[in-house]
Q: 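The structure follows.
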Amino acid sequence: GVEPFTTILGPNGSGKSTLLKSIVGLTTIFGGTIRFAGQEITSSATEAIVGQGIAYVPQRNNVFTGLTVRENLLLSARRLAKADAARASGDAYSLFPVLEKRLSQRAEQLSGGERQMLAIAMGWLARPRLMLLDEPSAGLSPLLTGEVFRVLQHLSQQGLPLVVVEQNARSVLQWCSYVYVLREGQLAFDGTAEACRADEAMVKTYLSVGGKRAGLRAKS
């Protein structure tokens with residue numbers, strides 16, 4: 001099974017985002033199989049995969065900008081029974097209090113951090129069994145990045161398994177529980193976040209202060 005808060009790290013072009021897209025049926029798969037909860041989903045349509053309980057939050061175009069925050073949230077809870085949707089919306093406001101203050105605003109009027117919180121809330125409102133997120137900290141300040149990861153850690157502690165692709169290795173390793181490092185499509189590291197922080201090769205390559213590699217943006 002997936003660890004509570006799993007992060008996939010690696011340089012640009014290593015296949016991180018492609019892996020998430022492949023899981024939800026958004027790429028052509030030429031070999032291998034993908035299984036979820038004991039069932040093979042390799043050739044399933046995206047809608048069927050989402051119906052199985054996998055939520056996917058892409059890096060871009062992850063909210064409906066022309067709709068209000070309330071409309072975005074209602075749309076995400078549409079599969080739930082009315083009472084469940086009302087309860088879930090209340091839970092969402094508790095978890096993402098900033099959104100309750102913005103309910104009547106269109107998503108395009110939100111700040112980058114608020115929009116990312118809305119995207120996460122929308123994925124969570126579908127009551128998934130697994131959530132995949134592609135670079136949730138992209139473009140955010142260190143303070144907002146910490147807020148996003150704090151919310152994600154809380155969701156994982158509430159029992160929602162997460163798989164998060166990240167470039168911001170040093171930040172996410174403070175919050176996640178398990179790490180996979182990809183390099184050119186191959187697995188270069190597999191272990192706990194603590195083990196990753198303690199691995200000299202990983203620290204030198206990905207977590208060194210300063211230099212091009214600190215943010216995982218260098219080509220390997």
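On a predicted model such as this, the values are computed, not experimentally measured, just so you know. In what follows, every heavy atom counts, from backbone to side chain, and hydrogens, waters and symmetry copies are set aside.
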Q: Side-chain donor-acceptor pairs under 3.5 Å in residues 127-134, sequence neighbours left out?
A:
unit_1 : atom_1 : unit_2 : atom_2 : d
Arg127 : NH2    : Asp91  : OD2    : 3.4
Arg129 : NH1    : Gln52  : O      : 2.8
Asp134 : OD1    : Ser17  : OG     : 3.0
Asp134 : OD2    : Ser17  : OG     : 3.0

Q: For residues Leu182 and Ile8, determine if any side-chain heavy atom of one lies less than 4.5 Å from a side-chain heavy atom of the other.
A: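 Leu182 reaches Ile8 side chain to side chain.
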Q: Hydrophobic clusters here meaning ILVMFWY residues chained together by side-chain heavy-atom distances under 4.5 Å, can you tell me if Val50 and Leu75 are in one?
A: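 No, Val50 does not connect to Leu75 through the hydrophobic network.
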Q: What distance separates Ser44 OG from Ile23 CD1, expressed to the nearest 0.5 Å?
A: 13.0 Å
Q: Determine yes or no for a side-chain-to-main-chain donor-acceptor pair under 3.5 angstrom, with Lys16 supplying the side chain and Val181 the backbone.
A: no
Q: Which distance, rounded to the nearest 0.5 Å, do you find between the CD1 of Ile49 and the CD1 of Ile41?
A: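 Rounded to the nearest 0.5 Å, the CD1-CD1 separation comes to 4.5 Å.
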Q: Can you list the residues that meet the side chain to side chain donor-acceptor pair (under 3.5 Å) rule with Glu40, with sequence neighbours excluded?
A: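 By the side chain to side chain donor-acceptor pair (under 3.5 Å) rule, Glu40 matches Thr42.
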Q: With rounding to the nearest 0.5 Å, note down the distance linking CH2 in Trp124 to CG in Leu152.
A: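 Reported value, rounded in 0.5 Å steps: 12.5 Å.
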Q: Can you confirm whether Phe36 is buried at CZ, in the sense that more than 12 heavy atoms of other residues, nucleotides or ligands lie under 6.0 Å from that atom?
A: yes
Q: For Pro58, enumerate each residue passing the side-chain contact (heavy atoms from CB on, under 4.5 Å) test, keeping only those at least two apart in sequence or located in another chain.
A: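 Testing Pro58 for side-chain contact (heavy atoms from CB on, under 4.5 Å), a comparison that skips the adjacent residues, returns Tyr56, Asn62.
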Q: Taking only residues two or more places apart in sequence, or in another chain, which ones meet Ser22 in a side chain to side chain donor-acceptor pair (under 3.5 Å)?
A: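 Residues passing side chain to side chain donor-acceptor pair (under 3.5 Å) with Ser22: Thr27.
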Q: Looking at Val163, is its backbone amide N or carbonyl O close enough to the side chain of Thr6 to form a donor-acceptor pair, meaning the two atoms are under 3.5 Å apart?
A: no
Q: To check you understand the geometry: which heavy-atom pair defines the closest contact between Gln167 and Gly10, and what is its length?
A: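 For Gln167 and Gly10, the tightest heavy-atom pair comes out as OE1-O, 4.1 Å.
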Q: To the nearest 0.5 angstrom, please state how far the OG1 atom of Thr46 sits from the NZ atom of Lys21.
A: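 Nearest 0.5 Å value for the OG1-NZ distance: 11.5 Å.
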Q: Can you give the donor-acceptor pairs under 3.5 Å from side chains of residues 97-110 to other protein atoms, not counting sequence neighbours?
A:
unit_1 : atom_1 : unit_2 : atom_2 : d
Arg102 : NE     : Glu114 : OE2    : 3.1
Arg102 : NH2    : Glu114 : OE2    : 2.9
Arg106 : NE     : Glu108 : OE2    : 2.7
Arg106 : NH2    : Glu108 : OE2    : 2.8
Gln109 : OE1    : Arg106 : N      : 3.0

Q: Which salt bridge (Lys or Arg N to Asp or Glu O under 4.0 Å) pairs, counting each pair once, include a residue from residues 49-69, with sequence neighbours left out?
A: none
Q: For Ser137, what residues pass the side-chain contact (heavy atoms from CB on, under 4.5 Å) criterion, not counting sequence neighbours?
A: Thr145, Phe149, Glu166, Asn168
Q: Any salt bridge linking Glu147 with Arg150? Criterion: basic side-chain nitrogen under 4.0 Å from a carboxylate oxygen.
A: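 Yes.
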Q: How long is the gap from CE on Met122 to CG on Leu74, to the nearest 0.5 Å?
A: 10.5 Å
Q: Holding to side chain to side chain donor-acceptor pair (under 3.5 Å), I want the full list of residues that pass it with Ser141, two or more places apart in sequence or in another chain.
A: none
Q: When rounded to the nearest 0.5 angstrom, what distance separates CZ in Arg170 from CG in Leu9?
A: 13.0 Å
Q: With a 4.5 Å heavy-atom cut-off, do Leu73 and Tyr93 have their side chains touching?
A: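 A side-chain contact under 4.5 Å exists here.
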Q: For a quick test of reading the model, state the closest non-hydrogen atom pair linking Ala138 to Gln59 and the distance between them.
A: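 Heavy atoms only, the tightest pair is CB-NE2, 3.3 Å.
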Q: Just wondering, do Pro136 and Val164 contact through their side chains at under 4.5 Å, heavy atoms?
A: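 A side-chain contact under 4.5 Å exists here.
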Q: Specify the closest pair of heavy atoms between Leu67 and Asn72, including all atoms of both residues, with the distance to one decimal.
A: O-ND2, 3.4 Å
Q: Which heavy atom of Ala195 sits nearest a heavy atom of Phe189, and at what distance?
A: C-CZ, 3.9 Å
Q: With sequence neighbours left out, what residues match Tyr178 under side chain to side chain donor-acceptor pair (under 3.5 Å)?
A: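 Side chain to side chain donor-acceptor pair (under 3.5 Å) list for Tyr178, sorted by chain: Asp190.
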Q: Can you name the closest pair of heavy atoms from Thr7 and Cys176 and give their distance?
A: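 Closest approach of Thr7 to Cys176: OG1-CB, 3.2 Å.
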Q: List the steps and the verdict of side chain to side chain contact (heavy atoms under 4.5 Å, CB included) for Val179 and Val172.
A: CA-CA 10 Å; Val179 179; Val172 75; over 6 Å; no
Q: By side-chain contact (heavy atoms from CB on, under 4.5 Å), which residues pair with Ala198, not counting sequence neighbours?
A: none
Q: Answer yes or no: is there a donor N or O on one side and an acceptor on the other, between the side chain of Arg35 and the main chain of Gly38, under 3.5 Å?
A: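 Indeed, once roles are kept as given, a pair shorter than 3.5 Å links the two residues.
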